[in-house]
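This one's a predicted model, so the numbers in the text were calculated from it and none came from an experiment. For reference, positions follow the sequence shown, starting with 1.
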Amino acid sequence: MTTQTATAPVAARTCTPEGRVTRSLLGYGPLAGTVFVGSIFLQGLTRRGFSIAHDDASLLANGPLGWIQVVTFLVAGAMTIAAAAGVHRALPSRWAPRLLGLYGAGLMAAGVFRADPADGFGPGAPAGKAAHVSWHGDGHLIAASIGFIAMITACFVVARYLSRTRHRGLAVYSRITGVAFLAAFAGVTTGSSSPAVVLPFYAAVTAVFTWLAIVCVHLYRRVA
C-alpha cells in the first residue's frame with residue numbers, strides 16, 4: 001500500500017513590472033552616497049594641497065583634476081533624483097520625493113557652478129577665503145544651500161510618514177539625522193575652516209546619504 005503526502009504549493013513572491021521599475025529607481029539611493037562620499041574621500045586623500053580636516057569638498061572642483069569632482073556632483077545628483085522618483089512611486093507623500101529631488105538638483109547645480117578657489121587650494125587661491133566671490137561661486141553657494149535645506153526638511157517629512165506607519169525606530173532615526181545635518185550645515189555657514197566645523201560636516205554628509213540609502217532599502221522591501 002502506498003501513501004501520498006499532499007504538499008501545499010509554495011507561492012513565489014513576484015514583483016509587477018511597475019514594482020521592478022520602482023525597485024530599480026530606489027536602488028540608486030545607496031549608489032548615490034557611495035559615489036559621492038567615496039569620490040570625495042579618495043580625492044581628499046590623494047589631491048596634493050587638499051586637507052580634509054580644513055577644506056570644503058567643493059574646492060576639489062578646482063585645478064587640473066577638478067573635473068572629477070564636477071562629475072561626482074553631476075552623477076550623485078542624478079542618482080539622487082532617480083531615487084527620489086522611486087520614493088515618489090513607493091511612498092504616499094507629496095513632499096518627500098520633491099524635497100529629495102531638489103537635493104539632487106542642488107548637487108547637480110553645484111557641479112555646474114564651480115566654487116571659487118580658497119584656503120590655498122586651486123589656481124590662484126588666496127590663503128583664506130576669497131575676497132570677491134564670482135558669479136559661479138555665488139551660484140554654487142545658493143545651489144548647495146537650497147539642496148541642504150531641502151534634504152534636512154525631507155528627513156522630517158519622511159519621519160512623519162514613518163511614524164504614521166508605526167516604524168517608530170526609523171522615524172526617530174530620520175529626525176536625528178535631520179537635526180545632525182542642520183547643526184553641521186549651520187556650522188559651515190560661519191565660513192570657518194576649523195576641523196571642529198569641517199569634519200562634523202563631512203560626517204553629516206555621510207550620515208544623510210546613509211539615511212537615504214536606508215530609507216530606499218526600507219521602501220524597496222515593501223514594493224509588491
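Ring pair F36/F209 is tilted by interplanar angle, where 30° to 60° counts as tilted. Using bins of under 30°, 30° to 60° and over 60° for the plane-to-plane angle, the ring pair F41/Y202 lands in the tilted bin. H140 and F73 have perpendicular rings, their planes meeting at more than 60° on a 0 to 90° scale where under 30° would count as parallel. Classified by interplanar angle (parallel below 30°, tilted 30° to 60°, perpendicular above 60°), the ring pair F181/Y103 is perpendicular.
At a cut-off of 3.5 Å, with distance as the only test, no side-chain donor of T22 or R222 sits close to an acceptor on the other residue.
Between R175 and A159, the shortest heavy-atom distance links the atoms CG-CB, 3.6 Å. When all heavy atoms of L107 and T80 are compared, the closest pair comes out as CD1-OG1, 4.0 Å.
F148 CZ: more than 12 foreign heavy atoms inside a 6.0 Å radius. For NE2 of H218, the number of neighbouring non-hydrogen atoms (other residues, nucleotides, ligands) closer than 6.0 Å is greater than 12.
Between T210 atom OG1 and Y173 atom OH the span is 5.5 Å, to the nearest 0.5 Å. Residue L59 holds its CG atom at 11.5 Å from CD of Q43, rounded to the nearest 0.5 Å. Between atom CE of residue M151 and atom OG1 of residue T177 there is a gap of 9.0 Å, rounded to the nearest 0.5 Å. In this structure, I68 CD1 and L60 CG are separated by 9.0 Å, a value rounded to the nearest 0.5 Å.
Cluster annotation: Y28 and L102 are assigned to distinct hydrophobic clusters (Ile/Leu/Val/Met/Phe/Trp/Tyr, side-chain heavy-atom contacts under 4.5 Å, transitive).
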### Query
Going through the checks in order, is the side chain to side chain contact (heavy atoms under 4.5 Å, CB included) test met by V198 and D56?
CA-CA 7 Å; V198 177; D56 184 79; over 6 Å; no
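You'll find the side chain of D55 stays beyond 4.5 Å of the side chain of S193, heavy atoms only.
Under a 3.5 Å cut-off, the side chain of R23 and the backbone N or O of Y220 do form a donor-acceptor pair.
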